[in-house]
A.B. asks: 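The following block contains the structure, expressed as structure tokens.
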Amino acid sequence: MKFFIDTANIDEIRELAVTGLLDGVTTNPSLIAKTGRPLFEVLAEICGAIEGPVSAEVTATNDEAMIAEGRKLAAIAENIVVKVPLTWDGLKACRALRARGTLVNVTLCFAPAQAILAAKAGASFISPFIGRLDDISQDGMQLIRDIVQIYRQYPHTIETDVLVASVRHPLHVVEAAKLGADVTTLPPKVLRQMISHPLTDKGLAAFLDDWGKTGQTILKPKVAE
Ligand code: E4P
């Protein structure tokens, strides 16, 4: 499963990119607003820091304006993926942008029927928002289960990757991986939480303590000049 990072904060992206674990970035208008910085400047920096796909969302609501915005966003860098909402205009824009060779992420997906439409429109990625469904007492992970199952029925015609979005905690990532989702986009906090386990910390402390008592070193100690 690929890992995208769900933030527009360039410092966080750079900090986490050094792990070598990031395959891409997703942004949305709210995440851009949170930076308090100009959209094009932020996106250019992110595209320079990450080789993989970087989702940049349109803010127009009619298809013609979405296509124009999408073309402008796509011109920022080769790794831009234009993000459009799951509306009729968004799907029309998706088809038009895909016809020009631009990668498109169809976002704000909350139902399997919507995901079928996005695939028909040629979406490169579909973004089902699981956390927001959980928030209203619906089963977000069931949406992923349904979409993965549907898309798998058409391996030769559907080329849309399932990009699990609105992730709230590491269990979401584990469950999405068990279902075979193609990508998960993680808030930086969730990525950091994934490595934590108290027994890892306790075990490492005990190993180092016991090793210290042997007085040995694996590398030769540096000789002071
Ligand atoms: C990603 O593409 C989405 O914009 C994001 O995951 C939404 O997450 P939220 O529900 O935490 O805002």
A.B. asks: Please determine whether side-chain contact (heavy atoms from CB on, under 4.5 Å) holds for the pair L191 and L22, giving the CA-CA distance in whole Å, both sets of side-chain angles, and the decisive distance to 0.1 Å.
C.D. replies: CA-CA 10 Å; L191 180 57; L22 299 190; 3.9 Å; yes
A.B. asks: Mind running salt bridge (Lys or Arg N to Asp or Glu O under 4.0 Å) on E175 and K178 for me, showing each step along the way?
C.D. replies: CA-CA 5 Å; E175 291 301 318; K178 280 160 78 175; 3.4 Å; yes
A.B. asks: Can you find a pair of side-chain heavy atoms, one from M1 and one from V164, that are under 4.5 Å apart?
C.D. replies: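 Not touching, per the 4.5 Å side-chain cut-off.
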A.B. asks: Answer yes or no: is there a side-chain heavy-atom contact under 4.5 Å between R192 and L16?
C.D. replies: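 Heavy-atom side-chain distance check passes, below 4.5 Å.
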A.B. asks: Taking the side chain as every heavy atom from C-beta outward, state whether Q142 and L133 have any atom pair closer than 4.5 Å.
C.D. replies: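 No. Closest side-chain heavy atoms not under 4.5 Å.
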A.B. asks: Measure the CZ-NZ distance between R168 and K189 for me, rounded to the nearest 0.5 Å.
C.D. replies: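 So the CZ of R168 and the NZ of K189 are separated by 10.0 Å.
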A.B. asks: Assess whether salt bridge (Lys or Arg N to Asp or Glu O under 4.0 Å) is satisfied between K213 and D210, documenting all intermediate values.
C.D. replies: CA-CA 5 Å; K213 289 175 199 155; D210 290 341; 3.6 Å; yes
A.B. asks: How many angstroms lie between NZ in K92 and CG in N62, if you round to the nearest 0.5 Å?
C.D. replies: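 Going from NZ on K92 over to CG on N62, the span is 8.5 Å.
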A.B. asks: With a 3.5 Å distance limit and no angle check, can you tell me whether Q193 reaches the backbone of H169 through a side-chain donor-acceptor pair?
C.D. replies: no
A.B. asks: Compare all side-chain heavy atoms of T61 with those of D89 and state whether any distance is below 4.5 angstrom.
C.D. replies: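 Result no, sub-4.5 Å side-chain heavy-atom pair not found.
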A.B. asks: I'd like to know whether CD1 of I136 has more than 12 heavy-atom contacts from other residues, nucleotides or ligands below 6.0 angstrom.
C.D. replies: yes
A.B. asks: Only one of L73, I80, V82 forms a side-chain contact (heavy atoms from CB on, under 4.5 Å) with T102, so which one is it?
C.D. replies: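 It is V82, the one option of L73, I80, V82 that forms the side-chain contact (heavy atoms from CB on, under 4.5 Å) with T102.
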A.B. asks: Answer yes or no: are there more than 12 heavy-atom neighbours, outside F40 itself, under 6.0 Å from its atom CZ?
C.D. replies: yes
A.B. asks: Check whether Q114 reaches the backbone of F110 with its side chain - one donor and one acceptor, N or O, closer than 3.5 Å.
C.D. replies: yes
A.B. asks: Looking only at heavy atoms, what is the nearest atom pair of V81 and P53, with distance?
C.D. replies: CG2-CB, 3.5 Å
A.B. asks: Within the distance-only criterion (no hydrogens, no angle test), does the side chain of E12 pair as donor or acceptor with the backbone N or O of P188 below 3.5 angstrom?
C.D. replies: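 Judged by distance alone, no pair lies under 3.5 Å.
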A.B. asks: Has D63 got a side-chain atom pairing as donor or acceptor with A93's backbone, closer than 3.5 angstrom?
C.D. replies: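 Judged by distance alone, no pair lies under 3.5 Å.
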A.B. asks: Where is the tightest heavy-atom contact between W88 and L117, given as atom of each residue plus distance?
C.D. replies: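 What the structure gives for the nearest pair is CH2-CD1, 4.0 Å.
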A.B. asks: Output the distance between atom CG (N9) and atom OG1 (T35), rounded to the nearest 0.5 Å.
C.D. replies: 8.0 Å
A.B. asks: Kindly write out the residues that satisfy ring-ring contact (aromatic ring centres under 6.0 Å, His included) with F3, not counting sequence neighbours, or none if the list is empty.
C.D. replies: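 Scan of F3 (ring-ring contact (aromatic ring centres under 6.0 Å, His included), adjacent residues dropped) gives none.
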A.B. asks: Are more than 12 heavy atoms from other residues, nucleotides or ligands located less than 6.0 Å from atom CD of E51?
C.D. replies: no
A.B. asks: Between D6 (side chain only) and T185 (backbone N and O only), is there a donor and an acceptor less than 3.5 Å apart?
C.D. replies: no
A.B. asks: Using the rule given for side-chain contact (heavy atoms from CB on, under 4.5 Å), can you reason through K202 versus H197, listing the C-alpha separation, both sets of side-chain angles and the distance that settles it, and then say yes or no?
C.D. replies: CA-CA 9 Å; K202 194 177 164 194; H197 198 290; over 6 Å; no
A.B. asks: Find out whether M194 and L186 are in side-chain contact, i.e. whether some heavy atom of one side chain is under 4.5 Å from a heavy atom of the other.
C.D. replies: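 M194 vs L186: side chains touch.
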A.B. asks: Do you know the tightest heavy-atom contact between A165 and S127?
C.D. replies: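 Of all heavy-atom pairs spanning A165 and S127, the closest is CB-CB, 4.2 Å.
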A.B. asks: Just do the side-chain contact (heavy atoms from CB on, under 4.5 Å) check on I13 and V25 with the steps written out, would you?
C.D. replies: CA-CA 8 Å; I13 291 168; V25 176; 4.0 Å; yes
A.B. asks: When you compare the side chain of P187 with that of V167, does any pair of heavy atoms fall below 4.5 Å?
C.D. replies: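 A side-chain contact exists here, since the closest heavy-atom pair is under 4.5 Å.
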A.B. asks: Using 0.5 Å steps for rounding, measure from the CG atom of D146 to the CD atom of Q149.
C.D. replies: 6.5 Å
A.B. asks: Strictly distance-based, threshold 3.5 Å: is any side-chain N or O of T160 a donor or acceptor partner for the main-chain N or O of A123?
C.D. replies: yes
A.B. asks: Once you round to the nearest 0.5 Å, how far does NE2 of H172 lie from CD1 of I130?
C.D. replies: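 Between H172 NE2 and I130 CD1, I get 4.0 Å after rounding to 0.5 Å.
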A.B. asks: So which heavy atom on T184 is nearest to which on A176, and how close?
C.D. replies: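 Taking every non-hydrogen atom into account, OG1-CB, 3.8 Å.
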A.B. asks: Within the distance-only criterion (no hydrogens, no angle test), does the side chain of T27 pair as donor or acceptor with the backbone N or O of S55 below 3.5 angstrom?
C.D. replies: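 Indeed, once roles are kept as given, a pair shorter than 3.5 Å links the two residues.
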A.B. asks: Are any non-hydrogen side-chain atoms of R98 and L103 less than 4.5 angstrom apart?
C.D. replies: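 Yes, at least one pair of side-chain atoms sits under 4.5 Å.
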A.B. asks: Look up atom CG in L91 and atom CE in M66, then write down how far apart they are to the nearest 0.5 Å.
C.D. replies: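 Answer rounded to 0.5 Å: 9.0 Å.
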A.B. asks: Counting heavy atoms not belonging to R71, are there more than 12 under 6.0 Å from its CZ?
C.D. replies: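 Open: at most 12 neighbouring heavy atoms sit under 6.0 Å from CZ of R71.
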A.B. asks: Mind checking whether L143 and F129 have side chains closer than 4.5 Å, heavy atoms only?
C.D. replies: no
A.B. asks: Does D182 reach the main-chain N or O of V162 with its side chain, forming a donor-acceptor pair under 3.5 Å?
C.D. replies: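 A pair under 3.5 Å: yes.
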A.B. asks: Is the number of heavy atoms from other residues, nucleotides or ligands within 6.0 Å of CZ (R95) greater than 12?
C.D. replies: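 12 or below, so no.
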